[in-house]
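Okay, so here's the structure we're looking at.
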Number of protein chains: 2
Amino acid sequence: MPSLVRYPDRGDPILPEFVPNGDRTIDRNQISEMIIAKLSRRNSLDAEDHLAIRGLSMDFRHHFASSYLVREGQPPSRCAFLVEGYAYRQKLTIDGHRTICSLEVPGDFVDLQNIYLRESDHDVLALTDVISVDIPVAEMRVLAETAPAVGRAMWVDGLIEGAIFREWLLNIGRRNARSRVAHILCEFSTRLQAAGLAPELTADLPMTQEQLGDALGLTSVHVNRILRTMEAEGLVTRGKRQITITDWQGIRRVATFNPRYLHLHQEQPGKVVKNR
Amino acid sequence: MPSLVRYPDRGDPILPEFVPNGDRTIDRNQISEMIIAKLSRRNSLDAEDHLAIRGLSMDFRHHFASSYLVREGQPPSRCAFLVEGYAYRQKLTIDGHRTICSLEVPGDFVDLQNIYLRESDHDVLALTDVISVDIPVAEMRVLAETAPAVGRAMWVDGLIEGAIFREWLLNIGRRNARSRVAHILCEFSTRLQAAGLAPELTADLPMTQEQLGDALGLTSVHVNRILRTMEAEGLVTRGKRQITITDWQGIRRVATFNPRYLHLHQEQPGKVVKNR
DNA sequence: TGCCTACCACAACATTTGTTAAATATACAG
DNA sequence: CTGTATATTTAACAAATGTTGTGGTAGGCA
């Protein structure tokens, strides 16, 4: 059992107001195209589908690192699409232990399940500073049901998420600490690359050792032990709140990583049947 | 790390031929109604939906305990619906360690994800003797797409499955062995009751201690230790390949079980929008 | 500038859980 | 009945991982 840590609630209320992103402007059109790209990855969408997506209401939000995007138990009214930055989901036991049960990268819908589940069973937090667009749940539902190919793409997205959860269960349940750490690095970098967000397979994972521990069922102390030896072996380099793979093949070997479960490179079988 | 165990492949080929269930006859109509009941649990279906479900091709199969229903890597052509008996999913590491990542009870679709994912990332095995009906994947796909309310029910089914995976991650990652064992008992009995398969919350879980260990990230030896003390405390009774809860409140306390993640008692929001 | 906080490093020690191996039950098949 | 396979029980021991606590460093902020 890891030490019981109180995770401070550094939620939105105590944070300063919305801060627009100074470096570059992001507009609605760009986001629509991001969403279209995401949902087309395994599924072709037609012009009408594109139109429906472009018609969604979008509400930009900036979240500081460690703030909540979704809270457990809340009846959610909006669905967040990650535009910039990383997020994660967490669940807490009654006695305050935390598990981080997934990582989300730009281009991920963070809580598609809220379209059909009435209350969230977990929290979603910003890992880094995050820009998201919020879309009303009701619109997403209508989109899914009137544009079947889009609905199907969202469904498939959830299926792959499920496959990732299963792999994490294997990771935490049956791999030793060293392999677990290696595995999360492999997965993260592979997903980043697949999403076109990184040219190389050298993840730059901006997590604290405590967060890493919570994602892997370990304590931060033990994660520290593992990372130090990995660095000594030349597998990774590290900074504060950040880990970088320097020897992909080595890390991959330690993790016994097989990306099959990510279901990349899968076109979908069959054409979408439109109406009955 | 648990001992490396070779799980014998006692798959269908070496087993005797299909043995029809002597005790009672099961017919197509009955199964259709089971499927309709399952998919109506959180979603109302109309007469047309019912008709579509009744029109599915169904192929009865009997699986002996420990035989495979689905194998990792196979491109699946059929979707199994569990009629009788229990099944489980497993994933293996390259070096032969196993994790059991879910339990399936009668009324569950065992591999709905195969509708849209081209190869399975895990195995499905019969925990007890099982009767299933197999439905061609292509028909399921057409059903989902032509009967939107049915598709939506299948989608929701997958969402809840995802919620269960997340809870298992919390369980294995952050609860001690004793709570883990208690938690799986709570979940199983709650699901059985919710599915109308058991009047009481006293699960009768027909798993070996080794299987239990694989589902909880523990070794069978340690599961044995836990179960013995639980029996001594009057929380459970046991037989070979079977555990029964005798003190529900006690077990629940040990597990710190909160069934929110099962999303029982959820009617779905909104009417299904039919066509565009 | 200097304080505060978050994060990381590290050590000594404690505990849970895993390992190995053998003995004992129990069910089933012949 | 008897043999065989499967499952459980148990013990002695080993190892991985958790616990506690202290100190260090970097960066944000007053």
Side-chain angles (χ1 to χ4, degrees), chain A residues 1-10 14-16 64-66 95-99 127-129 171-181 205-214 216-232 236-243, chain B residues 1-10 14-16 64-66 95-99 127-129 171-181 205-214 216-232 236-243:
Chain A
M1 278 284 94
S3 65
L4 190 155
V5 185
R6 292 259 130 248
Y7 298 97
D9 178 348
R10 293 170 297 178
I14 63 165
L15 289 170
F64 289 93
S66 302
D95 51 338
H97 296 288
R98 171 171 81 161
T99 211
L127 177 59
T128 60
D129 283 6
N171 201 33
I172 295 183
R174 285 291 180 248
R175 281 195 260 254
N176 63 26
R178 190 172 150 84
S179 298
R180 286 185 219 177
V181 171
L205 184 58
M207 285 175 86
T208 66
Q209 295 175 1
E210 180 172 342
Q211 289 167 336
L212 221 30
D214 285 337
L216 299 171
L218 300 168
T219 56
S220 58
V221 174
H222 200 57
V223 169
N224 180 271
R225 287 195 269 252
I226 305 286
L227 286 177
R228 265 185 291 150
T229 67
M230 280 186 168
E231 184 164 52
V236 301
T237 57
R238 295 172 301 140
K240 194 179 167 117
R241 228 179 202 285
Q242 187 247 78
I243 297 134
Chain B
M1 276 288 93
S3 64
L4 191 157
V5 185
R6 293 259 130 250
Y7 298 95
D9 180 345
R10 293 171 295 177
I14 63 165
L15 289 169
F64 289 93
S66 302
D95 50 337
H97 296 287
R98 170 171 81 159
T99 211
L127 177 58
T128 60
D129 282 7
N171 201 32
I172 294 183
R174 283 293 181 247
R175 281 195 260 254
N176 61 28
R178 188 173 151 84
S179 298
R180 285 186 219 177
V181 171
L205 184 58
M207 286 174 86
T208 67
Q209 296 175 1
E210 180 171 342
Q211 289 167 336
L212 220 30
D214 285 337
L216 298 171
L218 300 167
T219 56
S220 58
V221 174
H222 200 57
V223 169
N224 180 273
R225 289 196 268 251
I226 305 285
L227 286 177
R228 264 186 292 148
T229 67
M230 280 186 169
E231 183 164 53
V236 301
T237 57
R238 295 171 301 140
K240 193 177 169 120
R241 228 177 201 287
Q242 186 247 77
I243 298 134

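Here is how names work: the chains are called A, B, and so on, in the same order as the sequence lines, proteins then strands, and each is numbered from 1.
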Please answer whether the main-chain N or O of [Y] pairs with a side-chain N or O of [X] as donor and acceptor at a distance below 3.5 Å.
{"X": "B:E231", "Y": "B:R228", "answer": "no"}
{"X": "B:R174", "Y": "A:R98", "answer": "yes"}
{"X": "A:D214", "Y": "A:T99", "answer": "no"}

Can you identify which nucleotide, out of [options], has its nearest atom closest to the [X] side chain?
{"X": "B:R225", "options": "C:dC8, C:dA12, C:dT17", "result": "C:dT17"}
{"X": "B:N176", "options": "C:dA11, C:dT17, D:dA7", "result": "C:dT17"}
{"X": "B:A177", "options": "C:dT17, C:dT20, D:dT17", "result": "C:dT17"}

Atom [atom1] of [X] and atom [atom2] of [N]: how far apart are they, to the nearest Å?
{"X": "B:L212", "N": "D:dA7", "atom1": "CG", "atom2": "P", "result": "13 Å"}
{"X": "B:E210", "N": "C:dT20", "atom1": "CD", "atom2": "C1'", "result": "15 Å"}
{"X": "A:L216", "N": "D:dT17", "atom1": "CG", "atom2": "P", "result": "11 Å"}
{"X": "B:E231", "N": "D:dT8", "atom1": "CD", "atom2": "C1'", "result": "12 Å"}
{"X": "A:Q211", "N": "C:dC8", "atom1": "CD", "atom2": "C1'", "result": "13 Å"}
{"X": "A:H222", "N": "C:dT17", "atom1": "NE2", "atom2": "C1'", "result": "13 Å"}
{"X": "B:L218", "N": "D:dA15", "atom1": "CG", "atom2": "P", "result": "20 Å"}
{"X": "B:L227", "N": "D:dT9", "atom1": "CG", "atom2": "P", "result": "8 Å"}

Q | Side-chain donor-acceptor pair present, A:R180, A:N176, cut-off under 3.5 Å | A |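 A:N176 and A:R180 do not have a side-chain donor-acceptor pair below 3.5 Å.
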OP1 or OP2 of [N] versus the side-chain N and O atoms of [X]: is any pair under 4.0 Å?
{"X": "A:N224", "N": "C:dC8", "result": "no"}
{"X": "A:Q209", "N": "C:dA9", "result": "yes"}
{"X": "A:R228", "N": "C:dC10", "result": "yes"}
{"X": "A:R238", "N": "C:dA9", "result": "yes"}

Q: Tell me, with the steps shown, if B:Q242 and B:L205 meet side-chain contact (heavy atoms from CB on, under 4.5 Å).
A: CA-CA 5 Å; B:Q242 186 247 77; B:L205 184 58; over 6 Å; no
Q.
Classify B:G217 by what it touches in the nucleic acid, base, sugar-phosphate, or nothing, heavy-atom distance under 4.0 Å.
A. sugar-phosphate
**Q.** Any donor-acceptor N/O pair under 3.5 Å between D:dT6 base and B:K240 side chain
**A.** yes
